[in-house]
Amino acid sequence: MAKAKRAAKPKAAAKAAKPKANPRNKKLYDDGMKLRKAVLGAKYVDTSMASADDFMMSFQDITTEYAWGYLWTRPGLSRKTRSMLNLAMLAALNRGPEFKLHVNGALNNGLSKEEIKEVLLQVAIYCGIPASLDAFKTARDVFKERGL
């Protein structure tokens with residue numbers, strides 16, 4: 001009786017190298033990373049970058065380079081105004097986690113609770129009460145977390 005050949009046990013796979021950012025425009029990327037950390041907080045951004053795998057790293061690149069490096073660094077609108085627009089759009093789209101992140105960013109950009117409230121009242125009229133209600137609840141939670 002021939003001995004059955006055992007399938008070779010695969011050696012422990014070498015730990016995959018952590019993907020690295022690969023921006024198309026390094027200046028936009030670097031400017032974007034600086035601004036992204038200033039608005040959203042270095043801890044949040046560093047965690048997002050560190051947790052990005054091969055699949056997600058391209059998204060991190062494009063977000064940093066184009067959203068933050070190209071759009072947010074443009075001189076046509078202030079950071080406060082951009083934050084107001086983001087809050088209104090994210091509330092209207094009902095994007096809860098991203099909305100929460102940008103409430104913190106708006107506070108970092110100098111918006112007051114009153115200004116955020118006014119943005120969300122505008123959302124209530126033009127985008128609907130349910131979207132605004134969810135946004136109000138999320139903003140209230142952020143204010144509590146930050147002791148405001």
Side-chain angles (χ1 to χ4, degrees), residues 9-148:
K9 290 183 181 178
K11 292 182 181 180
K15 196 171 190 178
K18 194 73 183 142
K20 293 182 181 178
N22 187 25
R24 300 266 195 174
N25 183 313
K26 185 152 172 40
K27 179 173 178 4
L28 282 179
Y29 182 88
D30 290 345
D31 291 348
M33 184 60 73
K34 182 179 175 183
L35 183 55
R36 188 178 178 196
K37 286 181 177 185
V39 174
L40 303 179
K43 182 179 178 183
Y44 172 83
V45 175
D46 290 343
T47 299
S48 292
M49 296 302 291
S51 66
D53 57 14
D54 285 334
F55 182 74
M56 290 297 295
M57 187 53 78
S58 294
F59 178 79
Q60 291 295 331
D61 287 345
I62 198 169
T63 298
T64 303
E65 188 173 342
Y66 291 103
W68 293 99
Y70 175 76
L71 184 65
W72 274 81
T73 62
R74 291 178 57 80
L77 297 173
S78 69
R79 286 187 193 178
K80 283 181 74 171
T81 301
R82 290 187 193 282
S83 281
M84 287 179 180
L85 289 167
N86 273 14
L87 292 179
M89 290 183 287
L90 292 169
L93 292 169
N94 228 353
R95 299 292 190 246
E98 198 70 12
F99 178 79
K100 180 178 181 179
L101 176 65
H102 279 277
V103 170
N104 276 298
L107 292 167
N108 293 343
N109 281 338
L111 268 75
S112 68
K113 284 174 63 174
E114 284 298 313
E115 289 170 317
I116 292 170
K117 177 172 64 176
E118 291 302 320
V119 168
L120 299 181
L121 290 172
Q122 191 89 2
V123 168
I125 298 304
Y126 286 94
C127 302
I129 296 292
S132 183
L133 176 61
D134 286 347
F136 262 97
K137 289 176 180 178
T138 299
R140 179 191 60 201
D141 292 345
V142 171
F143 300 151
K144 284 181 183 177
E145 288 171 8
R146 291 182 65 150
L148 300 175

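Values below: all heavy atoms of this structure, side chains included; hydrogens, waters and symmetry mates excluded.
- Minimum interatomic distance between Ala88 and Val119 (heavy atoms only, all atoms of both residues): N-CG1, 3.9 Å.
- Under the 4.5 Å side-chain criterion, counting only non-hydrogen atoms from C-beta, Met49 is in contact with Arg36.
- Taking CG of Leu87 as the start and CD1 of Ile116 as the end, the distance is 6.0 Å to the nearest 0.5 Å.
- Within the 4.5 Å cutoff, side-chain heavy atoms of Leu101 are placed close to those of Glu98.
- Listed here is the closest heavy atom pair of Ala92 and Cys127: CB-SG, 3.4 Å.
- Side-chain polar atoms of Ser83 and Asn109 form a donor-acceptor pair below 3.5 angstrom.
- Atom CG of residue Leu28 and atom CE of residue Met33 lie 12.5 Å apart, to the nearest 0.5 angstrom.
- By the neighbour-count criterion of 12 heavy atoms within 6.0 Å, atom NZ of Lys37 is densely surrounded, having more than that number from other residues, nucleotides or ligands.
- Counted within 6.0 Å of CD1 on Ile62, heavy atoms from surrounding residues, nucleotides or ligands total 12 or fewer; the atom is thus considered open.
- Once rounded to the nearest 0.5 Å, the distance linking CG of Leu77 with CZ of Arg82 reads 4.5 Å.
- Between the side chain of Ser132 and the backbone N or O of Leu120 there is at least one donor-acceptor pair closer than 3.5 Å.
- Note that OG of Ser112 and NZ of Lys80 are 6.5 Å apart. Values are rounded to the nearest 0.5 Å.
- Electrostatic pairing of Asp61 and Arg24 does not count as a salt bridge here, judged by no charged N lying under 4.0 Å from a carboxylate O.
- A 6.0 Å sphere centred on OH of Tyr70 holds no more than 12 heavy atoms belonging to other residues, nucleotides or ligands.
- Here the closest non-hydrogen pair linking Leu148 and Lys113 is O-NZ, 3.5 Å.
- For Tyr29 against Ala21, the heavy-atom pair with the smallest separation is OH-CB, 3.2 Å.
- Going from atom CG of Asn25 over to atom OH of Tyr66 covers 7.0 Å, rounded to the nearest 0.5 Å.
- Of the possible polar contacts, none joining the Asn94 side chain to the Ala131 backbone as a donor-acceptor pair under 3.5 Å is found.
- Summarising the local packing, CZ of Phe143 is surrounded by more than 12 heavy atoms from other residues, nucleotides or ligands at distances under 6.0 Å.
- The shortest non-hydrogen separation linking Leu111 to Leu107 is O-CD2, 3.4 Å.
- Open room surrounds NZ on Lys34; 12 or fewer heavy atoms of other groups in view lie less than 6.0 Å from it.
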Practice task
Take Leu35 and Arg79, measure what side-chain contact (heavy atoms from CB on, under 4.5 Å) needs, and give me the verdict at the end.
Solution key: CA-CA 10 Å; Leu35 183 55; Arg79 286 187 193 178; 3.0 Å; yes
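- The line from CE of Met57 to NZ of Lys18 is 6.5 Å long, rounded to the nearest 0.5 Å.
- In this structure, the side chains of Leu40 and Trp68 come closer than 4.5 Å at one or more pairs of heavy atoms.
- The shortest distance between side-chain heavy atoms of Asp141 and Lys100 does not fall below 4.5 Å.
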